[in-house]
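As the structure lists them, so they are numbered: ligands from 1, and atoms in each ligand from 1. Only a predicted model underlies this, so the values are computations on that prediction, with no experimental measurement involved. Any value given below was found using the heavy atoms of this structure, including those in side chains, with hydrogens, waters and symmetry copies removed.
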Amino acid sequence: MAIQTQNPATEEIIKTFEPYSDAQVDLAIAKSVVAFEELRSWPLEKRAKHLKKAAKILHDEADKLGKIVTLEMGKTYAAAVAEVKKCAVGAEYYADTAAQHLADDIVKTEAKKSYRKYLPMGPVLAVMPWNYPIWQVIRFAAPALMAGNTGLLKHASNVPQCALYIEDIFKRAGFPEGAFQTLLIGGAKVERILRDERVRAATLTGSEPAGASVASICGQEIKPTVLELGGSDAFIIMPSADIEKAVEIGTTARTQNNGQSCIAAKRFFIHADIYDDVKARFKDSFDALTVGDPMKDGTDIGPLVNQDALDTVVAQVENALKDGAIRVTGAEAVNGKGFFFTPGILENISKDSNAYHEEIFAPVALLYKVESLDEAIEIANSSPFGLSSAIFTQDKAEQEQAINELEAGGTFVNAMSGSNPHLPFGGIKRSGYGRELAAEGIRAFCNIKTVYIA
Ligand code: NAP
């Protein structure tokens, strides 16, 4: 894939970048090793001071960086600015809490003193996706740098300007030269880096095939990995729910980020007693969304990221309809320039249909009518994915059952799934393993050393 900025709203290719040569990559790894020696020697307060500076730059330049995000991947400008501001908050969070997460953890044993010590590992490769092009990177970079690791970013090939901007932010924030570097390379160049002994670990956020490839190479090289992959999250609505709120939040949960979010609600399980009412409300709510220029105020949904994404969802919808699904509304490509697609709803999804098992990475909600919570959970858990989940109900027993039985890395009750720096984030099953954010996120790439002093 060419490394280039293509505006998904106009299809115009704005800028193309020369990929880094192997020699440039090798030099970057060498710099990363040198920077690691310096960064690990910095006291935590010094790392925190510089991370706070990065947070301030993110906050102050949210408008400018937001424009680049919208230009490169098509989310609405308002959403892009909100994403960059969230990054400032995430960076602040780790600047403020790293000392607590990384403090020596004394354990009473027969030794004079014994404890866990959190030490950095070295250069870590981060392979990142375009859908939250700043947030995905910062939620790796902030804890990595606070722990004393250095970062090498292989960003998605369609967001090179975002990738270079992030590198520049860490430079301007005063981190050592080489502490955080962007490598403009395609996916095929990742293996060589993973096999380089100077690179100690890897994290990948993206699709299953990319995750499986990185994990298998790191398996051979015995290197730790964190994988944040796809999802097909359940969103359950039971009769006791506040239906107006459930539909409003469910609409956002499915259509946020132009429908291209890993933790979007993708499958809606609605109790039979309220199904017709909820379906009608969802239809009205989806129909009221404005699709159009992502830079314009008032636009709810911008274009999909590229022609491939548009072709994929069109084929998924066609297949589902062929297998007996019914179109409630939308779910169609828009004629003309740009990769626009109308938010849509399908129901009556056959078990044999691909749509039943696959992730739909576009604003298409699949509705399932269920007779009970047991049935909702059973179908929800039949998915190969297990990223997050949500349930809307006032019934405490139903809330408990969903929390205990839904196979997912998170369950949100009367709220949509989201990522919050204070809480761990990640999936199970084919959605990946390991956790980002919170204490788990910063310890993921630490050598948790056992210290025993007799
Ligand atoms: P993708 O194709 O897997 O791309 C993600 C990153 O992996 C890009 O940098 C890509 O580089 C690279 N890549 C692709 N194939 C590779 C390979 N064989 N070896 C090494 N690197 C490789 O993912 P996408 O389709 O753009 O992103 C959407 C997917 O990401 C969805 O499934 C979504 O659910 C998931 N996602 C998950 C989370 C989470 O936190 N769990 C968050 C966001 C997105 P190129 O761009 O150069 O191909």
Quiz question: by atom type and distance under 3.5 Å, do the side chains of [X] and [Y] form a donor-acceptor pair?
| X | Y | answer |
| --- | --- | --- |
| Asn7 | Glu11 | no |
| Asn257 | Lys75 | yes |
| Lys86 | Ser419 | yes |
| Glu72 | Thr5 | yes |
| Glu359 | Ser232 | no |
| Glu61 | Tyr165 | yes |

May I ask you to list the atoms of ligand 1 that are less than 4.0 angstrom from any heavy atom of [X]?
| X | value |
| --- | --- |
| Val190 | 20 (C), 21 (N) |
| Ser157 | 45 (P), 46 (O), 47 (O) |
| Asn131 | 43 (C), 44 (C) |
| Trp130 | 24 (P), 26 (O), 27 (O) |
| His155 | 9 (O) |
| Leu387 | 41 (N) |
| Val127 | 6 (C), 7 (O), 9 (O), 12 (C), 21 (N) |

Which of these, [options], has its nearest heavy atom closest to [atom]?
| atom | options | value |
| --- | --- | --- |
| atom 31 (C) of ligand 1 | Glu359, Met73, Glu208, Glu228 | Glu359 |
| atom 3 (O) of ligand 1 | Pro209, Pro133, Ser207, Gly206 | Ser207 |
| atom 8 (C) of ligand 1 | Met128, Gln136, Lys189 | Met128 |
| atom 40 (O) of ligand 1 | Arg139, Glu436, Lys266 | Arg139 |
| atom 5 (C) of ligand 1 | Asp308, Ile3, Thr205 | Thr205 |

- Task: Determine whether the side chain, the backbone, both or neither of Leu229 has a heavy atom under 4.0 Å from any heavy atom of ligand 1.
- Result: backbone
- Message: Tell me the contacting part of Tyr132 for ligand 1: side chain, backbone, both, or neither, using a 4.0 Å heavy-atom threshold, strictly below.
- Response: neither
- Task: Answer yes or no: is there an ion pair linking Arg192 with Asp22, defined by an N-O contact shorter than 4.0 Å?
- Result: yes
- Item | Under 3.5 Å: N/O of Asn158 near N/O of ligand 1 | no
- Message: Under 3.5 Å between any N/O of Lys154 and any N/O of ligand 1: does that happen in this structure?
- Response: yes
- Donor-acceptor contact present, side-chain Asn447 to main-chain Pro120, <3.5 Å: no
What residue and atom, counting heavy atoms only, is the protein's closest point to [atom], and at what distance?
| atom | result |
| --- | --- |
| atom 38 (C) of ligand 1 | Cys262 SG, 3.0 Å |
| atom 48 (O) of ligand 1 | Met1 CE, 4.0 Å |
| atom 16 (C) of ligand 1 | Ala210 CB, 3.6 Å |
| atom 19 (N) of ligand 1 | Gly187 O, 3.8 Å |
| atom 28 (C) of ligand 1 | Phe361 CE2, 3.6 Å |

- Query: Given the side-chain rings of Tyr118 and His101, with only the six-membered ring counted for Trp, is the space between their centroids under 6.0 Å?
  - Reply: no
- Item | Which residues share a side-chain contact (heavy atoms from CB on, under 4.5 Å) with Ser285, sequence neighbours left out | Val247, Thr251
[atom2] on [Y] to [atom1] on [X], rounded to 0.5 Å:
| X | Y | atom1 | atom2 | value |
| --- | --- | --- | --- | --- |
| Ser353 | Leu321 | OG | CG | 9.0 Å |
| Ile138 | Leu58 | CD1 | CG | 5.0 Å |
| Leu289 | Thr329 | CG | OG1 | 10.0 Å |

